[in-house]
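Worksheet: the structure to be examined is printed underneath.
Here is the naming used below: chain letters follow the sequence lines, and residue numbers restart at 1 for every chain. Note that this is a predicted model, so its numbers are computed, not measured.
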Amino acid sequence: MGKLGEDFFTKPTLLLAELLLGKVFVHNAADGRCYKGRIVETEAYLAEGDEACHAFRGMTKRNKVMYGSPGTLYVYFTYGCHNLMNIVTEPEGVAGAVLIRAMEPMSGIEEMKKNRDIMRTVDLMNGPGKLTSAMDITLEHNGLSLSSDTVYLEEGENFPPSVISSSKRIGITKSADLFWRRYIAGNAFVSKSKPGPPPGKKKTLLES
DNA sequence: TGTAAGATCTAG
DNA sequence: TAGATCTTACAA
């Protein structure tokens, strides 16, 4: 399967949030384990006009990775117990990222179950904090490039635009009205936090 | 230096 | 529905 090059990430954040669906995220861990998962849910975050974005008030020690090269991993810790994983977008100097909210496990499933200490495959990565735990993604991965051999994306099976749905983002209070969440309608591995509107209610970029 | 909030998850 | 648990940002 083809590894995605840096060119892939030089697209607008919202478009990337859709294009990332179906792509395969690969993590070759330091202990020799290899984790693979297909992305089925994303959320876009942009500094401009988006109060929910970490970079809305400018660059800080934490969010400086968001200002880096597109295709960089931005991992941060929140709620005292969860790592969340983003892929940096927009040209260098402009803050933007796509939060990976859910994935469908493809490889290393037994290791993921041990990492999460659960048995049900469908619950392994159906939430942003869950997938980092399953794939052993930590703050050590913050700032890593997706053109490295440790973490990268592979060309997966592209979903038809008709199954890509959009909704408001989840778990935030600021800029909560933006329809910047993208997910695969009906996919069992999408997070269950809140049901979105029926598919097709809002046009996605790929449809229009 | 202290404090409050937070892009979450799980158990009860 | 609340508690876990810790980093960051901001105010004093």
Side-chain angles (χ1 to χ4, degrees), chain A residues 9 12-18 20-21 25 35 37 39-68 70 72-90 94-105 112-144 146 151 165-184 188-197:
Chain A
F9 303 100
T13 303
L14 271 172
L15 181 60
L16 265 178
E18 293 177 19
L20 280 168
L21 296 171
F25 179 84
Y35 303 98
I39 299 170
V40 296
E41 184 179 349
T42 61
E43 273 179 14
Y45 286 88
L46 276 172
E48 194 157 334
D50 178 10
E51 282 187 76
C53 180
H54 287 171
F56 180 68
R57 288 176 219 290
M59 191 189 293
T60 63
K61 188 178 158 190
R62 173 166 73 160
N63 68 28
K64 67 178 180 187
V65 174
M66 283 182 92
Y67 290 83
T72 303
L73 218 54
Y74 170 44
V75 184
Y76 69 92
F77 195 79
T78 190
Y79 291 108
C81 35
H82 299 293
N83 291 306
L84 273 63
M85 179 174 78
N86 301 248
I87 292 173
V88 175
T89 61
E90 303 295 324
V94 181
V98 175
L99 171 70
I100 308 300
R101 285 193 57 89
M103 286 199 263
E104 177 181 339
M112 291 180 193
K113 285 180 179 174
K114 285 178 196 163
N115 291 346
R116 300 259 0 264
D117 196 24
I118 60 169
M119 293 308 292
R120 280 163 56 90
T121 305
V122 73
D123 288 330
L124 279 177
M125 303 209 283
N126 60 348
K130 297 180 185 181
L131 67 91
T132 54
S133 168
M135 283 195 148
D136 200 19
I137 299 289
T138 66
L139 287 178
E140 289 177 20
H141 297 81
N142 189 30
L144 275 184
L146 285 170
V151 285
S165 194
S166 68
S167 77
K168 294 178 182 180
R169 292 176 296 182
I170 290 175
I172 57 175
T173 50
K174 303 164 190 162
S175 300
D177 289 336
L178 297 170
F179 274 71
W180 283 4
R181 174 176 173 242
R182 295 290 186 275
Y183 61 98
I184 302 301
F189 297 91
V190 169
S191 69
K192 300 178 180 62
S193 304
K194 282 177 196 167

Original post:
Whole-Å distance between C:dT8 P and A:K64 NZ?
Top reply: 11 Å

Subject >> d(NE2, A:H54; P, B:dA5) in whole Å >> reply: 16 Å

Subject >> Rounded distance (Å) that lies between atom P of C:dT8 and atom CE of A:M66 >> reply: 15 Å

**OP:** Choose from B:dC9, B:dA7, C:dT5 the nucleotide whose nearest atom is closest to any side-chain atom of A:C81.
**Re:** C:dT5

Original post:
From B:dA7, C:dA9, B:dT8, pick the nucleotide closest to the side chain of A:N86?
Top reply: B:dA7

Subject >> Under 3.5 Å on both distances, the Watson-Crick or G-U partner of B:dA7 >> reply: none

Original post:
About how many Å separate CZ of A:R101 and CE of A:M125, when rounded to the nearest 0.5 Å?
Top reply: 14.0 Å

**OP:** With the side chain of A:Y74 defined as its heavy atoms from C-beta on, choose the nearest nucleotide among B:dT8, C:dA9, B:dA7.
**Re:** B:dA7

Subject >> Which nucleotide in C:dC10, C:dT7, B:dG6 has an atom nearest any side-chain atom of A:R57 >> reply: C:dC10

Subject >> Whole angstrom value for the distance that separates P of B:dG6 from CD of A:E43 >> reply: 15 Å

Subject >> Distance test, side-chain N/O of A:R101 to OP1/OP2 of B:dT8, below 4.0 Å >> reply: yes

Subject >> Contacts of A:D117 that satisfy salt bridge (Lys or Arg N to Asp or Glu O under 4.0 Å) - sequence neighbours left out >> reply: none

Original post:
What integer distance in Å separates A:Y79:OH from B:dT10:C1'?
Top reply: 14 Å

Subject >> Mate of C:dT5 where both pairing distances stay under 3.5 Å, Watson-Crick or G-U >> reply: none

**OP:** May I ask you to evaluate whether A:K174 reaches the phosphate of B:dA5, defined as a side-chain N or O under 4.0 Å from OP1 or OP2?
**Re:** no

Original post:
Between B:dC9, B:dA7, C:dC6, which nucleotide has the shortest distance from any of its atoms to the side chain of A:F77?
Top reply: C:dC6

**OP:** Please examine the side chains of A:F25 and A:M85, heavy atoms only from C-beta on, and report whether any two atoms are closer than 4.5 Å.
**Re:** yes

Subject >> Single hit among A:T42, A:V98, A:D50 for side chain to side chain contact (heavy atoms under 4.5 Å, CB included) with A:W180 >> reply: A:D50

Original post:
Quick one: are A:R120 and A:N126 in side-chain contact, heavy atoms under 4.5 Å?
Top reply: no

**OP:** May I have the distance from A:L139 (atom CG) to C:dT5 (atom P), rounded to whole angstrom?
**Re:** 17 Å

**OP:** Indicate, with a heavy-atom threshold strictly under 4.0 Å, whether A:G80 touches base, sugar-phosphate, or nothing.
**Re:** base

**OP:** Would you mind reading off the distance between A:E51 atom CD and B:dA7 atom P, rounded to a whole angstrom?
**Re:** 12 Å

Original post:
Over how many whole Å does the gap from A:Y45 atom OH to B:dA7 atom C1' extend?
Top reply: 4 Å

Original post:
Can you find a donor-acceptor N/O pair under 3.5 angstrom joining the side chain of A:Y76 to the base of B:dA7?
Top reply: yes

